[in-house]
Number of protein chains: 2
Amino acid sequence: MKSEKISELTTNRLSVYLRCLNTLAAAGIRTVSSRSLADQFRLNSAQIRKDLAQFGEFGTRGVGYSVEDLREHLTKILGLDRARRVAVVGAGRLGGALADYDGFRASNFAVVALFDTDAEKIGRSMGEARVRVYDAREIARVVREERIDVGVIAVPARAAQGVLNQLMSAGVKAVLNFAPAPLHARPGVKVRNVDLTISLESLSYHLASPRAANVTNPRNVLTYEEGPRRDRQRAARKQLRKETP
Amino acid sequence: MKSEKISELTTNRLSVYLRCLNTLAAAGIRTVSSRSLADQFRLNSAQIRKDLAQFGEFGTRGVGYSVEDLREHLTKILGLDRARRVAVVGAGRLGGALADYDGFRASNFAVVALFDTDAEKIGRSMGEARVRVYDAREIARVVREERIDVGVIAVPARAAQGVLNQLMSAGVKAVLNFAPAPLHARPGVKVRNVDLTISLESLSYHLASPRAANVTNPRNVLTYEEGPRRDRQRAARKQLRKETP
DNA sequence: CTCTGTGAAGTCATTCACAGCG
DNA sequence: CGCTGTGAATGACTTCACAGAG
């Protein structure tokens, strides 16, 4: 274990590993090797070991990893053991959908406030969770009073930077941005973009490009098309060995 | 220009460039150099030139690129000149929000069908666009009849692979997946994942990691924190030159 | 003998730096 | 001159391959 900088690619994968472990745990599996994990979920075993090794020595040589132990470690590393309080700015269609989004709960996030500029919406409650809608001019106050950890930007692109500035001033250190605009964050503030426009246009390119297929997947993308890359050769070899006595 | 494989990282950036050009065009700017584009939008000028050069020689040496020309080229390259027909599978909160999502229209996509398994919803129309909800068992028929190009998966994780299989069988070649599950696509089918769980947990890591900041941004992420990297030194130098006569 | 943890090798992406066109 | 287009250099991330623990 070396305490160097951790790439976001790594944290993304930790999240994936945790999800895989949850599946295994639900199936009653108690121990797993990096290879079997890789084979089952189409990952690369060396990558798994390297990623985990950055945070400690969680495995047992000759055996593998304890599913339950590793789950706890990853939960702690990702900070999912602590509940987070989320504010969604923009109480439109998307903001409303997010206020009720179950995925938040599963990761120990709770949406506790909505913000909007529309006088019609301010003061009401939205969604099944009955989340209160505040005046967007009160972001500073509410963020402090409600001890908000995470901001979600679900406003039109032109308003996004202003909202981010207000969130940052109020001390929010982590923001999920749905606006199709490249935001400028001050150091120490993490902004994660979910840009559907880019995703759609990338799909469009795929449809447009003659005879398709002339697109390579970058490393960071967790899509599992058929094909080599990752532990498949090894898996095949192992299979073969078993069959030939 | 060489007709090699194009990385998804490149197509993502083309999307960004197009967005930047739209801003410039709206401001009445008719010509732009890669450097000025880079300076204004915090990109790297060499990257811009390299990305564009993969598709042709669109610039004029000594001058730069025509904003209007380049817009048209990028629109064509990304396939945004052709209208796409979208089906959203899963008419829950998210599916409903997507059916009305304006970002689709802006990229020449139109949501023309929703699917669900809930008998309550089937046969009704949802959202302001009054999109019809079909029985999910009819995906094959409706995709053909409505000439669907793009599928959107907005169902629970456990149902996602089955939906993808149906979409693929019906001939859909591009899919946007919101389910937090790694899907397995056959070759030639492009699946783009929007995994909010991973995004959230990555933010959580940032909050949890002691004194934060020990996270590096991977290449693919278009976030613009303060700092070096990209053309900033050059920009500074140019500025300086202007000031000292 | 199996499996982890890790240096070394390999692959892919970005940035530099400059020849040469306009 | 300024700017594009591009090989060459650098940097980032992944995969290989193996020493050594259990």
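Not measured: the values here are computed from a predicted model. Here is the naming used below: chain letters follow the sequence lines, and residue numbers restart at 1 for every chain. The figures here come from the full heavy-atom set of this structure, side chains too, leaving out hydrogens, waters and symmetry mates.
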Which protein N or O atoms sit under 3.5 Å from an N or O of nucleotides 20-22 of chain D?
residue : atom : partner : partner atom : Å
D:dG20  : N2   : A:Arg61 : NH1          : 3.4
D:dG22  : O4'  : A:Arg61 : O            : 3.4

If you check the [X] side chain, which of [options] turns out closest?
X       : options                : result
A:Ser33 : D:dT14, D:dT6, C:dC3   : C:dC3
A:Ala46 : C:dA17, C:dT14, D:dA17 : D:dA17
B:Ser34 : C:dT6, D:dT4, D:dC13   : D:dT4
A:Ser7  : D:dC13, C:dT14, D:dT14 : D:dC13

Using atom [atom1] of [X] as one end and atom [atom2] of [N] as the other, report the distance to the nearest whole Å.
X       : N      : atom1 : atom2 : answer
A:Leu70 : C:dC3  : CG    : C1'   : 14 Å
B:Gln47 : D:dT4  : CD    : P     : 15 Å
B:Leu43 : C:dA13 : CG    : P     : 18 Å
B:Arg35 : C:dC16 : CZ    : C1'   : 13 Å
B:Ile48 : C:dT15 : CD1   : P     : 11 Å
A:Gln54 : D:dA12 : CD    : P     : 14 Å
A:Asp69 : C:dT4  : CG    : P     : 14 Å
B:Leu9  : C:dT15 : CG    : P     : 12 Å

Pairs involving residues 59-88 of chain B, ordered by first then second residue, that meet ring pair (Phe, Tyr, Trp, His ring centres under 6.0 Å) (sequence neighbours left out)
B:Phe58-B:His73

Heavy-atom pair with the smallest gap, counting every atom of A:Ala154 and A:Leu94:
CB-CD2, 4.0 Å

Between A:Lys50 and A:Val32, whichever has its closest DNA chain C nucleotide further toward 5' is A:Val32

Hey, what do you get for CG (B:Leu74) to CG (B:Leu14), rounding to the nearest 0.5 Å?
6.0 Å

So CD1 of B:Ile77 and OG of B:Ser15: to nearest 0.5 Å the spacing works out to 12.0 Å

Is the backbone N or O of A:Ser34 less than 3.5 Å from a side-chain atom of A:Ser45, with the two atoms forming a donor-acceptor pair by type?
no

Check for a donor-acceptor pair, side chain of B:His206 on one end and backbone N or O of A:Gly188 on the other, with a separation under 3.5 Å.
yes

Between [X] and [N], is there a side-chain N or O to OP1/OP2 distance below 4.0 Å?
X       : N      : result
A:Tyr65 : C:dT2  : no
A:Asn44 : D:dT14 : no
B:Arg13 : C:dA13 : no

Under the side-chain hydrogen bond (donor to acceptor under 3.5 Å, both in side chains) rule, collect the residues that match up with A:Asp81, sequence neighbours excluded.
none

